[in-house]
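Structure first, then comments.
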Amino acid sequence: MDNWEIAKILSDLSFYLEMEDEPFKPRAYEKAASAIEALDVPLQDIYKKQGIKGIEEIPGVGVSIAEKIEELLKTGKLKYYEQFKKKYPLDLDSLTRVEGVGPKSLKKLYEKLKIKNLADLEKAAREGKIRKIEGFGEKTEQNILKSIEFLKQGGHRFVLGFIYPQVESIVTRLSKLKEVKKITAAGSVRRMKETIGDLDILIISDNPMPVMDYFVNLPDVFQVVAHGETKSAIRLKNGLDVDLRVVPQESFGAALNYFTGSKDHGIHLREIAIKKGYKLNEYGLFKNQKSKIKNQKEIRLAGETEEEIYEALGLDYIEPEMREDWGEIELAAKHQLPKLIGYNDIQGDLQIQTDWSDGANSIEEYVREALKQGLKYIAITDHTKSLAMTGGCDEKKLLKQMQEIDGINRRLEKEGIDFKVLKSAEVNILKDGSLDIEANVLAKLDLVAAAVHSNFNQSKKEMTERICRAIRNPLVDIIFHPTGRVVLKRPPYEIDIEAIISEARKNGTCLEVDAYPDRLDLKDEHIKKAIEAGVKLSIDSDAHSTTHLNYLKFGIAQARRGWATKNDIINTRLWSEMLKLIKANKRKK
DNA sequence: GCCGTTTTCGGCCCGACTGTTTTCAGTCG
């Protein structure tokens, strides 16, 4: 039984306990569930090594929950959980996704109407049975049907990089209105999470109604969910929910902080506020002034900017990408936050596919676009021969491409343009971990990257060893998209990420942060681990067209979410220094 | 059920909105 399954059971238990109206326990179970979800070591391993004591050491897990986890690890079952499942035989996975229906409602619906799943719920709503239950009404029944309809359309999360242009366009349109004094997108967009569920926009305005009217009449609006003076909400045709809120100037920082999240980060901040005798909400940070008479007066300590709020709490300012309560608050208290890589720190792009394989543009076209974007170099990394469907290069074609690149570099130099094209390739890692291009040709490249593109369903052991063998290859400088996932589409291949990171460190091989919006591979938590282990990373667009070069920012964002500094990323350096560093690291092994 | 520079007992994040009510529970972010 893996961590994810155990976290799921604890989270379900939290829900059942809420149905029973138990105070406080639901929160304890939910906390334990999210702690386990975030854990990077299998509970099974912890239990094997340190027994139940090791499990109790996980923050949020105490004696009682540790025992339950032990039972799950030992028997694969949990009596406590089975009892609830028997008492409420509900399809929680689907039912909890219905908006506006929580534990209390589901309990009533089950007890009165025997509703167990989404189909039951829809049927009862259509037949007008729900409105007859005390506490429910016609409106609730309609909302349930609407929400089920939405779920059926499958729209709930979006890949950030793919929806980003639309986000920018909405913010830009609104910012042009004269009534808008200030505007910022908050929420997971501001934290640059790989996927987003909705978009929260905050504005300051003395005259918000015209802004709201404009907002609910934007093109592509499917439905106006709310249309008020301080808050409006729309659903776009593609299913994205957008909320617009007006906040007073003196509260802008507090609101921005509150709506940026994450939820856990916010909770942790409010707990710190309480310990200091303060209160933090979306209007500001306040101190209760107890006067001699009974009534209390609130004194505002901070609120207009996020910086002053963090400062008043005794913390350094925390970048939005770090706000996940992964330990950043503790570091901020000790003034030990890492200085994250900046969005303008990348000098070159190390993964680019051209029309030599499955890319849409020529090397020359990429050079022009990269220059426009302010880059100083690019590495050409076309696919290699075993990936036939991409028109991958064989040895002969690669040698020919090297000649062309030499020619381009000569021309650039002659024209006095400070730009370098590096000779490289995205070499296939074959089933056994060997490469599909001969070593004597690879040795002629400036940079060798290797990646898995086939036989995805090998066992964890085989796949891990396959990639580790490529990492050990003295010719390989970088492993591209190490886990092979496609966000919202394909899970990563079965690999032992710890083993791969440790092998990369031992051999001085770099790992990639592939910036393509639905790859983002490595992802944030793996980036954090790799950096802690001392592995160097590259951030590359994986462009298949010149328009993809601006995807780099999503890779940088992911790296920032993984707490990467400029020094951790090889291509923040000049190309010559970068190559020197890589080769030196590879030799060290 | 968890946890501790207020506490090993007595607290537990906060506010808005919605739909149902006629003062509030449930849900959400």
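Below, chain A is the first sequence line, B the second, and so on; all start at residue 1. Note: hydrogens, waters and symmetry copies are ignored here, and every other heavy atom, side chains too, is used.
- Comparing the same atom, P, in B/dT18 and in B/dC13 gives a spacing of 25 Å after rounding to whole Å.
- Within the nucleic acid shown, A/Glu138 comes within 4.0 Å of sugar-phosphate atoms alone, with no base atom in reach, counting heavy atoms only.
- Proximity of A/Tyr258 to the phosphate of B/dC28: no side-chain N or O atom is located under 4.0 Å from OP1 or OP2.
- The side chain of A/Ile65 approaches B/dG1 more closely than any other nucleotide in the set B/dC14, B/dT27, B/dG1.
- Under the Watson-Crick or G-U wobble criterion, with both distances below 3.5 Å, B/dT8 is left unpaired in every strand shown.
- Taking atom CD1 of residue A/Ile274 and atom C1' of nucleotide B/dT6, one finds them 13 Å apart after rounding to whole Å.
- Ionic pairing of A/Arg191 and A/Glu324 is present here: one or more N-O contacts between side-chain nitrogen and carboxylate oxygen are shorter than 4.0 angstrom.
- Counting only N and O atoms by type, the side chains of A/Asn143 and A/Thr140 include no donor and acceptor under 3.5 Å apart.
- At whole-Å resolution of the value, CG in A/Leu17 and P in B/dG1 are 8 Å apart.
- Of the C1' atoms belonging to B/dT5 and B/dC14, the separation is 25 Å, rounded to the nearest Å.
- Using a cutoff of 4.0 Å between basic side-chain nitrogens and carboxylate oxygens, A/Asp524 and A/Lys528 are not scored as salt-bridged.
- Atom CD of A/Glu330 and atom P of B/dT5 are 13 Å apart (whole Å).
- Across all strands, A/Pro103 comes closer than 4.0 Å only to sugar-phosphate atoms, never to a base (heavy-atom distances).
- Between A/Glu498 and A/Lys529, at least one side-chain N (NZ, or NE/NH1/NH2) sits under 4.0 Å from a carboxylate O, which counts as a salt bridge.
- With respect to A/Arg190 and A/Glu306, a salt bridge is recorded, a charged nitrogen being found less than 4.0 Å from a carboxylate O.
- For A/Phe24 and B/dC12, the ring-to-base geometry satisfies the stacking test (centroid distance below 5.5 Å, interplanar angle below 30°).
- Side chain of A/Glu271, nearest nucleotide from B/dG1, B/dC13, B/dT27: B/dC13.
- Atom CD1 in A/Ile267 sits about 14 Å away from atom P in B/dG15, given to the nearest Å.
- In this structure, A/Ala226 and A/Glu99 both approach DNA chain B, and ranking their closest nucleotides by distance from the 5' end singles out A/Ala226.
- Looking only at atom types and distance, the side chain of A/Glu20 has a donor-acceptor partner in the side chain of A/Tyr88 under 3.5 Å away.
- In this structure a side-chain-to-backbone donor-acceptor pair under 3.5 Å is present from A/Asp521 to A/Thr483.
- Atom CD of A/Glu22 is separated from atom C1' of B/dC2 by 14 Å (rounded to the nearest Å).
- A distance of about 24 Å separates the C1' atoms of B/dC28 and B/dT22, rounded to the whole Å.
- As judged by a 4.0 angstrom heavy-atom cut-off over every strand, A/Pro59 is placed among residues touching the sugar-phosphate backbone only.
- Between A/Leu313 atom CG and B/dC13 atom C1' the separation is 13 Å, expressed in whole Å.
- B/dG1 and B/dT8: their C1' atoms are spaced 15 Å apart (whole Å).
- B/dT23 sits 16 Å from B/dC17 when the C1' atoms are compared, rounded to a whole Å.
- Here the nucleotide nearest the side chain of A/Asp200, chosen from B/dC17, B/dG15, B/dG29, is B/dG29.
- Side-chain proximity of A/Lys139 to the nucleotides B/dT27, B/dG19, B/dG15 is greatest for B/dG19.
- Not one side-chain nitrogen or oxygen of A/Thr140 sits closer than 4.0 Å to the OP1 or OP2 atom of B/dT18.
- Residue order along DNA chain B, read from the 5' end via each residue's closest nucleotide, puts A/Phe136 first among A/Gly100 and A/Phe136.
- Residue A/Thr230 places its side chain closer to B/dC17 than to any other of B/dG26, B/dG29, B/dC17.
- Nucleotide B/dC14 holds its P atom 13 Å from the CG atom of A/Leu269, rounded to whole Å.
- Residue contacts shown for A/Glu282 are limited to sugar-phosphate atoms, with no base heavy atom under 4.0 Å away.
- Here the separation of B/dT27 from B/dT21, taken at their P atoms, is 15 Å to the nearest Å.
- Separation of the C1' atoms belonging to B/dG10 and B/dA16 is 29 Å when rounded to the nearest angstrom.
- Side-chain nitrogen and oxygen atoms of A/Asn143 include none within less than 4.0 Å of the OP1 or OP2 phosphate oxygen of B/dT18.
- Rounded to whole angstrom, the span from the CG atom of A/Leu95 across to the P atom of B/dT27 amounts to 12 Å.
- Using a cutoff of 4.0 Å between basic side-chain nitrogens and carboxylate oxygens, A/Lys523 and A/Glu194 are not scored as salt-bridged.
- For A/Arg27 and B/dC13, the shortest distance from a side-chain N or O to OP1 or OP2 is below 4.0 Å.
- Taking every side-chain heavy atom of A/Arg270 into account, B/dC13 is the closest of B/dG1, B/dC13, B/dC14.
- Of the side-chain N and O atoms in A/Lys25, none sit less than 4.0 angstrom from OP1 or OP2 of B/dC12.
- An OP1 or OP2 oxygen of B/dA25 is reached within less than 4.0 angstrom by no side-chain nitrogen or oxygen of A/Lys108.
- Among the heavy atoms of the strands lying under 4.0 Å from A/Lys68 are primed sugar atoms or P, OP1, OP2 only; no base atom is included.
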